[in-house]
Amino acid sequence: MKELAKTYDPKDFEQRIYESWEKDGDFHQEAGTDKPPFTIVMPPPNITGQLHMGHALDQTLQDVLTRWRRMQGYAALWLPGTDHASIATEVRVAEELFEKEGKTKEDLGRDAFLERVWQWKEVYGGRITEQARRLGDSCDWERERFTMDAGLNKAVVEFFVRLYEKGLIYRGNRMISWCPQCGTSLSDAEVEHEDAEGLYWYFRYPLAPGQEGVGSNNQNGIVVATSRPETMFADVAVAVHPDDDRYRDLVGKKVVLPIVGREIPVVADPYPDPEKGTGAVKITPAHDPNDFEVGERHGLAKPVCIGFDAKMTAEAGQYEGMDRYACRDAWVAALTDGGFLVKTEKVVIPTGTCYRCDCVVEPMLSDQWFVKMKPLAEPAIRALQTGDLKFVPERFGKTYLHWMEEIRDWCISRQLWWGHRIPAWYCDSCGKVIVAREAPTVCTKCGAGEASLRQDEDVLDTWFSSGLWPFSTLGWPEDTADLRTFFPTSVLVTGYDIIFFWVARMVVSGLECMGASPFSHVFIHGLVRGADGQKMSKSLGNGVDPLEIVDKYGADALRFMLLHGSAAGGDMRWSEESVVSARNFANKLWNAARFVVMNLDSTRGALPLTRGSGEPADEDRWILGLTARVAGEVTDALEKFELSVAIEKVYDLIRDEYCDWYIEMAKARLYGEDEAAKATVRAVLVDVLSDLLRLLHPFMPFITEEIWGVLGKDGKLICDAWPGGLDSRVKPENDNFSVDAAEAEARIEALKDVVRAVRNIRAEAGTAPGKKVPLVLRVDAAAGMLSEALLGHVKSLAGVSEVTVITDDADVPKDAASAILKGMVAYVPLADLVDLAAEREKLLKEKERLEKFSAQLAAKLANEGFTAKAPPAVVEAERAKLANAEDALAKTNERLEALQG
RNA sequence: GGGGGCGUAGCUCAGCUGGUUAGAGCGCUUGCUCGACAAGCAAGAGGUCACUGGUUCGACUCCAGUCGUCCCCACCA
């Protein structure tokens, strides 16, 4: 048998344990077993990424569920992988290229640049999965996938072509969000919204010559407000509400764009809100989504004055080539000089920024590929309504539903190189588009040769491929055994921040490709915030590196902290102190195990232990019964995804009950002479510890596996059975012992009461720690629950020299400190140490409390409404409480009287 | 403009479908090298559960409103 070091040091074994799990294939799961499947696909981290605290939380939750189900006997598969993260990676590699070689990606050209990215991926892409191993992630690395693997590419093409063939993917010239920095279009979800301080400029657009006299109010033209004066070059109209009397006479007339001199019409349209601004809006269809709509309704042109590089176009005349903001300043100055500025107003302007580079996005008109989402959203909405898809916590279902109901078409093309290239070819001869699974060799429309076919330059939104993750990773579009076994997956674990980006799109694609929601449950967690409550970020400097914490305290401690602090769906705050307490808990368990092992030493070689013919003691029945009960509660909590509740229950059981009480009581027999009793207590110590290790393993896998090994158990804990689980490979070792658990529990609770009471009396009286005190227990005749053996425990646990049990008040000692307990009064006769005045004081306070409490209860029970309407069990419980309180009160009074006399 | 979260001990938070004398960790006070553990043990102090109403026999728990705070969604010149 191995020895345990005196102090818990995770560095001694975490790595070794992990390697042994991985080497032995303990994480691997084959398809086609007869066990029920349990599947989680890991949200694939970006290959650009470093493991951060959010991953640590996300993955720990998944690992707990996977390990627990695996122990329960499920065919548990946790499938890991990484995401190519199109835009993020491209930006990253391009930056590096520029820093190191001063070259842009255009300097290299597409193919050479892509080769670079692949090289980069080879070097850094595996980093994050290495880091995941440090956390103890029990995922099946043999099945690791990457979103640009050949099989997954095939899935992407297949999905694209299918949607295209169904008319759900189309190419259109529409308003999209454009990031000038990244040089690509963005989907709505990729645009973040911030409020920026800004101005409204009110400019006067004069009436065109020859249109005077149209009305009394508008002789000087029309005043419009704008926050973006630089778009004025692309104005094509001024819109007013048809019911707005102020401008009615101007509709159909023309005004002149200041300085530019171009004449534009005044149109009536429902879009302008008469309450806002001046009620008149300048219309710039190419640079504002609303204006675009207005332009469409009125058949207006769509001139462009800001280019894809965020510089002014020729449309801006002398400002051509100028940056959009520089132009704004110059142009406002020119208009002010020209006398067109009426006033300015400070306002908060909602601004869209790129989620990758933070650059202010530009609404742009351009040719892009879109997915028509409405028809795809319908089944996704139904899945939630029918319960095929459930969110935990439920409220996130509402968020999802709301988004689905308001869904708009998804812009999926990106003007990037790194990603899945769009499977569309343009024919130079006939100008038509061919969408195909394989690169065409001739134009299917006009028969032109390969030379006239050009593939679309763009790649797909990175979320287009990750949206297929739950089934592309299992082999789709092929019909594979993996797919048949593990799809649909059981639960998706992720943060609320990517419900729209990712979760919603997986549901849509799953329903479309597989005809089923890709997972039945979505378990949502929140963010790990910095110690200051702010989002962890580099710029704030409040980020904490999980790996440093693992180095310092061990992965188990980090996991414990993350699990314990995370109520479902809510954000949690980082606290290193909590990791320290978790580490301390691990140390506690470590030492408890050390104690057990030390005491098994004398019987080295006798394992596996049997309980022999020894009779179980009350404390044996108690701890065995309690452990079995808590195991059930932990299982229930895990079923409900209440991981923090589950871990807390295991924690309490180990720390409070097993360590603080059971082990202390076990010492009596361990250090005694009775060999049969010794064998029994050893067996129970080991059996209960084994169950505790099983219960704790999903949460703290390393320390539990290590101790398991030291106990000399057969096989590994990771492969062992969950107490009361599906699998009967290992029977709960407590079975033949679970007798009278309830009665034993009552006795042990009574014992604890007595011990605590004596300890309290000793502490208050300032009794010297080593000094033994006598104890007199006045018990109610019927309540003689404490056996000789238990009284023995009282002696050792409370520092008592002798216990005298009496049933007659006449025998109550004088000058004793006392404590009134359920069915008993404990007296510690210590004439020299007892402060009778203080004792009286305490009793009076107690009396007052009890009087108040029983009066409350009596009133409640006297209330007919209560007795009639409350459930009988509740009424019964209240009656019992009252009886106890009255009993305690009577005893308190007796005691007070005795003190008087 | 919609939608949602949160406000419980000095600090960080648990308290699920209403019935507990309202809990934990950290911190605090006091005392402990007694054969697993000072990363420990024991005993304590500390809360009118944001506020106001309502439903109920009964509300920290449900409902409405108020205040404070945070977040998400939305094309406001």
Side-chain angles (χ1 to χ4, degrees), chain A residues 4 6-8 175 193 200 202 224-228 239 271-273 276-284 288-293 347 349-350 352 363 393 395-396 398-399 402-403 406 496-497 499-500 526-527 531 533 553 564-565 567-575 577-578 580-599 637 640 642 644-645 648 651-652 659-660 663-664 667 671 756 759-764 766-770 796-799 849-850 852-853 856-857 860 863-871 873-875 877-878 881 885:
Chain A
L4 284 171
K6 177 161 182 187
T7 304
Y8 162 73
M175 185 66 57
H193 297 278
Y200 285 161
Y202 288 76
V224 297
T226 181
S227 59
R228 306 209 51 198
Y271 165 60
D273 180 345
K276 287 177 185 159
T278 62
V281 186
K282 71 190 222 28
I283 299 299
T284 321
D288 182 280
N290 290 307
D291 293 7
F292 177 79
E293 300 292 326
V347 285
I349 307 280
R395 71 184 131 92
F396 290 104
K398 270 190 219 160
T399 312
H402 187 75
W403 190 76
E406 301 289 309
Y496 57 68
D497 49 335
I499 292 177
F500 305 137
L527 268 43
Y553 304 105
H564 192 242
D571 291 350
M572 66 184 296
R573 199 178 282 228
W574 173 255
S575 145
E577 299 80 68
S578 302
V580 173
S581 354
R583 190 273 318 265
N584 293 351
F585 168 63
N587 185 59
K588 180 81 179 167
L589 171 64
W590 183 262
N591 276 290
R594 204 167 136 251
F595 171 82
V596 172
V597 169
M598 278 167 75
N599 283 290
K640 289 188 280 184
E642 292 174 355
S644 63
V645 172
E648 188 156 308
Y651 173 91
D652 288 345
C659 292
D660 290 351
I663 285 184
E664 292 308 319
K667 287 175 181 172
Y671 301 151
R756 277 192 283 247
R759 283 172 175 171
N760 177 289
I761 287 168
R762 293 178 59 113
E764 306 237 306
T767 313
S796 59
L797 295 177
R849 207 203 92 225
L850 284 167
K852 216 171 126 190
F853 185 45
Q856 230 173 297
L857 287 167
K860 197 178 203 178
N863 183 338
E864 274 180 41
F866 175 68
T867 46
K869 292 185 183 175
V874 173
V875 178
E878 296 297 294
K881 267 193 238 168

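Chain identifiers are assigned alphabetically (A, B, ...) following the order of the sequence lines, protein sequences preceding nucleic acid strands; residue numbering begins at 1 within each chain.
Using a 4.0 Å heavy-atom cutoff across all strands shown, A:Ser581 reaches sugar-phosphate atoms only and no base atom. Across all strands shown, A:Arg756 has heavy atoms under 4.0 Å from sugar-phosphate atoms exclusively, and none from any base. Here A:Thr7 lies in heavy-atom contact (under 4.0 Å) with a base. The residue A:Thr399 sits apart from the nucleic acid: no heavy atom pair falls under 4.0 Å. A:Lys640 comes within 4.0 angstrom of a nucleotide base, judged by non-hydrogen atoms across all strands. A:Phe292 comes within 4.0 angstrom of nothing in the nucleic acid, heavy atoms only. Base engagement by A:Pro871 is indicated by at least one non-hydrogen atom pair under 4.0 Å involving a base atom. Counting non-hydrogen atoms under 4.0 angstrom, A:Arg573 reaches the backbone sugars and phosphates but no base. A:Ser575 comes within contact range of no nucleotide atom at all, as no heavy-atom separation falls under 4.0 Å. Within 4.0 Å of A:Asp497, counting heavy atoms only, lies no atom of the nucleic acid at all. A:Val874 comes within 4.0 angstrom of a base, heavy atoms only.
Closest to the side chain of A:Pro769, from the set B:rG31, B:rG40, B:rC37, is B:rG31. In the set B:rG4, B:rG19, B:rU21, the nucleotide with an atom closest to the side chain of A:Phe853 is B:rU21. Considering only the side chain of A:Tyr651, B:rG25 comes nearest among B:rG25, B:rA36, B:rC72. Listed nucleotides: B:rA36, B:rU21, B:rA39. Nearest to the side chain of A:Tyr671: B:rA36. When distances run from any side-chain atom of A:His193 to the nucleotides B:rA74, B:rA39, B:rC41, the shortest one goes to B:rA74. In this structure, the nucleotide among B:rG19, B:rG31, B:rC37 sitting nearest to the side chain of A:Ala870 is B:rG19.
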Could you please spell out the steps behind the side-chain hydrogen bond (donor to acceptor under 3.5 Å, both in side chains) verdict for A:Asn599 and A:Tyr671?
CA-CA 9 Å; A:Asn599 283 290; A:Tyr671 301 151; 4.5 Å; no
With side chain to side chain contact (heavy atoms under 4.5 Å, CB included) as the criterion, how do A:Tyr8 and A:Asn591 come out once you've worked through the C-alpha distance, each side chain's angles and the decisive distance to 0.1 Å?
CA-CA 8 Å; A:Tyr8 162 73; A:Asn591 276 290; 5.8 Å; no
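Summary of the strand contacts: A:Val281 and A:Glu642 both lie near RNA chain B, and taking for each the nucleotide with the nearest heavy atom, the more 5' one is attributed to A:Glu642. In terms of position along RNA chain B, the nucleotide closest to A:Val580 lies nearer the 5' end than the nucleotide closest to the other residue of the pair A:Tyr271 and A:Val580.
Contact of A:Glu664 with B:rA36 (side chain to base): a donor-acceptor pair of N or O atoms is detected under 3.5 Å.
In this structure, the separation between CD on A:Glu293 and CG on A:Asp288 is 10.0 Å, given to the nearest 0.5 Å. A:Arg756 contributes atom CZ, which lies 11.5 Å from atom CG of A:Leu797 (distance to the nearest 0.5 angstrom). The distance from the NZ atom of A:Lys860 to the CG atom of A:Leu857 is 7.0 Å, given to the nearest 0.5 Å. Rounded to the nearest 0.5 angstrom, A:Tyr496 OH and A:Asp571 CG are separated by 3.5 Å. Taken from NE2 in A:His564 to CD in A:Glu648, the straight-line distance is 3.5 Å, to the nearest 0.5 Å.
Judged by distance alone, the side chain of A:Arg583 and the main-chain N or O of A:Ser578 form no donor-acceptor pair under 3.5 Å.
The separation of B:rG3 from B:rU29, taken at their C1' atoms, amounts to 48 Å, rounded to a whole angstrom. With both ends at atom C1', the span from B:rA24 to B:rG46 equals 14 Å, rounded to whole Å. Between B:rA9 and B:rG15, the distance separating the two P atoms is 15 Å to the nearest Å. Annotation: B:rC13 and B:rC60 have their C1' atoms spaced 15 Å apart (nearest Å). Atom P of B:rG53 sits at a distance of 25 Å from the matching atom of B:rC16, rounded to the whole Å. Taking atom P on both B:rG19 and B:rC63, the two are 15 Å apart, rounded to the nearest angstrom. Spacing of P atoms, B:rA64 relative to B:rC73, comes out at 25 Å, to the nearest Å. Taking atom C1' in both B:rU55 and B:rG18, one finds a spacing of 12 Å when rounded to whole Å.
B:rU12 atom P lies 14 Å from atom CE of A:Met572, rounded to whole Å. Rounded to an integer number of Å, the gap from NZ of A:Lys588 to P of B:rA39 is 12 Å. Atom CZ in A:Arg583 sits about 8 Å away from atom P in B:rA39, given to the nearest Å. In this structure, the CH2 atom of A:Trp403 is 16 Å from the P atom of B:rC72, given to the nearest Å. Separating the CZ atom of A:Phe595 from the P atom of B:rG40 is a distance of 18 Å, rounded to the nearest angstrom. Rounded to whole Å, atom P of B:rC71 lies 16 Å from atom CZ of A:Phe500. Atom-to-atom, CZ of A:Phe396 to C1' of B:rC73 comes out at 14 Å; the value is rounded to the nearest Å. Spacing between atom CG of A:Asp571 and atom C1' of B:rG5 amounts to 9 Å, rounded to whole angstrom units.
Checking the phosphate oxygens (OP1, OP2) of B:rG19, no side-chain nitrogen or oxygen of A:Lys860 falls inside 4.0 Å. Phosphate proximity of B:rC37 to A:Lys6: present, with a side-chain N or O under 4.0 Å from OP1 or OP2. Contact annotation: A:Lys667 side-chain N/O to B:rA36 OP1/OP2 distance is under 4.0 Å. Here A:Tyr496 does not reach the OP1 or OP2 of B:rC73: none of its side-chain N or O atoms lies under 4.0 Å away. For the OP1/OP2 pair of B:rG40 and a distance below 4.0 Å, the side-chain nitrogens and oxygens of A:Asn591 include no atom meeting the criterion.
Judged by ring centres under 5.5 Å apart and planes tilted less than 30 degrees, A:Trp590 fails to stack against the six-membered base ring of B:rA36.
Across all strands shown, nothing is found opposite B:rA74 as a Watson-Crick or G-U wobble partner with both distances under 3.5 Å. The pairing partner recorded for B:rA42 is B:rU30, the criterion being a Watson-Crick or G-U wobble arrangement whose two distances lie under 3.5 angstrom. Pairing for B:rC13 goes to B:rG23, judged as Watson-Crick or G-U wobble with the two contacts each under 3.5 Å. Summarising the base pairing, B:rU52 is matched to B:rA64 through a Watson-Crick or G-U wobble pair whose two defining distances lie under 3.5 Å. Pairing of B:rG35, defined by two Watson-Crick or G-U wobble distances under 3.5 Å, is not identified with any nucleotide.
Aromatic ring orientation, A:Phe500 versus A:Trp403: parallel (interplanar angle below 30°, classes split at 30° and 60°).
Counting only heavy atoms from C-beta outward, the side chains of A:Lys588 and A:Asp660 approach each other to under 4.5 Å.
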